[in-house]
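This report concerns only the one structure given below.
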Amino acid sequence: MSKTKLKKIVNQLTSISAIYVALFAVVASYAVGRDFLVSPFVGLGAYYSWRIFVGDIKFRKISNFDIAGLLVSGIAIYLLIAPFEISIVRAVIVFLIGWGMFQLFEGDIGGGDVRLLTVAAVFLNVVQLLAAVSLASAIGMALGYKLKIKRIPFGSLLIVSFWLSFWIVRF
């Protein structure tokens, strides 16, 4: 795939409104039989996830507001149905590791990526977290090699990998 073709696909993806993504998530949540109260929070999580995805691709920035919205929607889903465990200790450990990497390799890893990893660590177990980071890293390396670019919007890859890992990896 050429850079121009990829740029066209990226432009089409980033032009999709986060509202549409949220509405699709709400409908899909109802379709799979989620509770009436849970589906709006699934939509809210999808809304903030899409904003993170688009913001990282377009501006190379992950907004604190979007990360906070993702955290709040995740906590609401947990309180309503609790199908997963929450771990503050795991989040603190991931933050400390990420912060250390940010300090050592500033410019190679962004602070938004560290904050996003920390929020994901609250909700994902260790296997899911490692699977998501591994998938995002592998895709990032493949894209970087294929397109001959050095800086990949890693937060966009992470948010997609987190959702895939959350719904697919069940250990």
Side-chain angles (χ1 to χ4, degrees), residues 13 18 21-22 24-25 28-29 32 34 38-57 59-145 149-171:
L13 266 178
V21 173
F24 176 77
S29 181
V32 297
R34 285 291 170 205
V38 175
S39 294
F41 292 107
V42 170
L44 193 63
Y47 174 82
Y48 288 113
S49 296
W50 191 256
R51 285 179 45 104
I52 289 169
F53 177 81
V54 171
D56 194 40
I57 288 176
F59 309 113
R60 306 270 186 185
K61 293 280 183 193
I62 298 176
S63 165
N64 289 335
F65 178 75
D66 294 335
I67 289 178
L70 188 61
L71 180 64
V72 167
S73 64
I75 290 172
I77 293 168
Y78 171 77
L79 292 174
L80 290 171
I81 58 175
F84 50 90
E85 65 179 65
I86 280 188
S87 174
I88 302 301
V89 173
R90 184 174 46 243
V92 169
I93 291 169
V94 166
F95 173 76
L96 291 174
I97 292 169
W99 179 77
M101 289 177 64
F102 176 73
Q103 295 300 316
L104 288 173
F105 307 108
E106 191 170 357
D108 292 333
I109 183 172
D113 298 334
V114 173
R115 293 188 309 268
L116 185 57
L117 276 166
T118 303
V119 169
V122 171
F123 304 108
L124 301 179
N125 64 36
V126 175
V127 174
Q128 291 171 323
L129 197 60
L130 290 174
V133 171
S134 298
L135 177 63
S137 299
I139 293 171
M141 286 187 299
L143 281 174
Y145 176 76
I149 53 178
K150 292 187 181 198
R151 294 188 59 101
I152 301 288
F154 194 61
S156 299
L157 298 174
L158 279 175
I159 197 71
V160 172
S161 298
F162 290 150
W163 279 100
L164 287 173
S165 178
F166 180 76
W167 293 110
I168 295 172
V169 180
R170 293 290 175 196
F171 288 105

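- The salt bridge (Lys or Arg N to Asp or Glu O under 4.0 Å) analysis of residues 91-103, with sequence neighbours excluded, yields no pairs.
- For V89, the side chain to side chain contact (heavy atoms under 4.5 Å, CB included) criterion is met by S87, I93, not counting sequence neighbours.
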Under 3.5 Å, which donor-acceptor pairs link side chains of residues 65-75 to any protein atom two or more places apart or in another chain?
unit_1: D66; atom_1: OD1; unit_2: R51; atom_2: NE; d: 2.6
unit_1: D66; atom_1: OD1; unit_2: R51; atom_2: NH2; d: 3.2
unit_1: S73; atom_1: OG; unit_2: G69; atom_2: O; d: 3.2
unit_1: S73; atom_1: OG; unit_2: L70; atom_2: O; d: 3.0

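- Applying the salt bridge (Lys or Arg N to Asp or Glu O under 4.0 Å) test to every pair with at least one member in residues 122-138, sequence neighbours left out, gives no pairs at all.
- For M141, there are no side chain to side chain contact (heavy atoms under 4.5 Å, CB included) partners two or more places apart in sequence or in a different chain.
- Residue pairs meeting the salt bridge (Lys or Arg N to Asp or Glu O under 4.0 Å) criterion with at least one partner in residues 112-124, sequence neighbours excluded, do not occur; the list is empty.
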Show which side-chain atoms of residues 149-163 pair as donor or acceptor with protein atoms under 3.5 Å away, not counting sequence neighbours.
unit_1: R151; atom_1: NH1; unit_2: G107; atom_2: O; d: 2.6
unit_1: S156; atom_1: OG; unit_2: F53; atom_2: O; d: 2.8
unit_1: S161; atom_1: OG; unit_2: A136; atom_2: N; d: 3.4
unit_1: S161; atom_1: OG; unit_2: L157; atom_2: O; d: 2.9
unit_1: W163; atom_1: NE1; unit_2: S49; atom_2: OG; d: 2.7

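- We find the OG1-CG distance between T118 and L96 to be 8.5 Å, quoted to the nearest 0.5 Å.
- Every pair passing side chain to side chain donor-acceptor pair (under 3.5 Å) that includes a residue from residues 89-104 is listed here, sequence neighbours excluded: E85-R90.
- F41 is linked by a ring-ring contact (aromatic ring centres under 6.0 Å, His included) to nothing, counting only residues two or more places apart in sequence or in another chain.
- Partners of A22 according to the side chain to side chain contact (heavy atoms under 4.5 Å, CB included) rule, which considers only residues two or more places apart in sequence or in another chain, are Y47.
- S39 is linked by a side-chain hydrogen bond (donor to acceptor under 3.5 Å, both in side chains) to S29, counting only residues two or more places apart in sequence or in another chain.
- A distance of 5.5 Å separates CG of L124 from OG of S165, quoted to the nearest 0.5 Å.
- Listed by chain and number, the residues in a side chain to side chain contact (heavy atoms under 4.5 Å, CB included) with V21 are I16, A46, W50 (sequence neighbours excluded).
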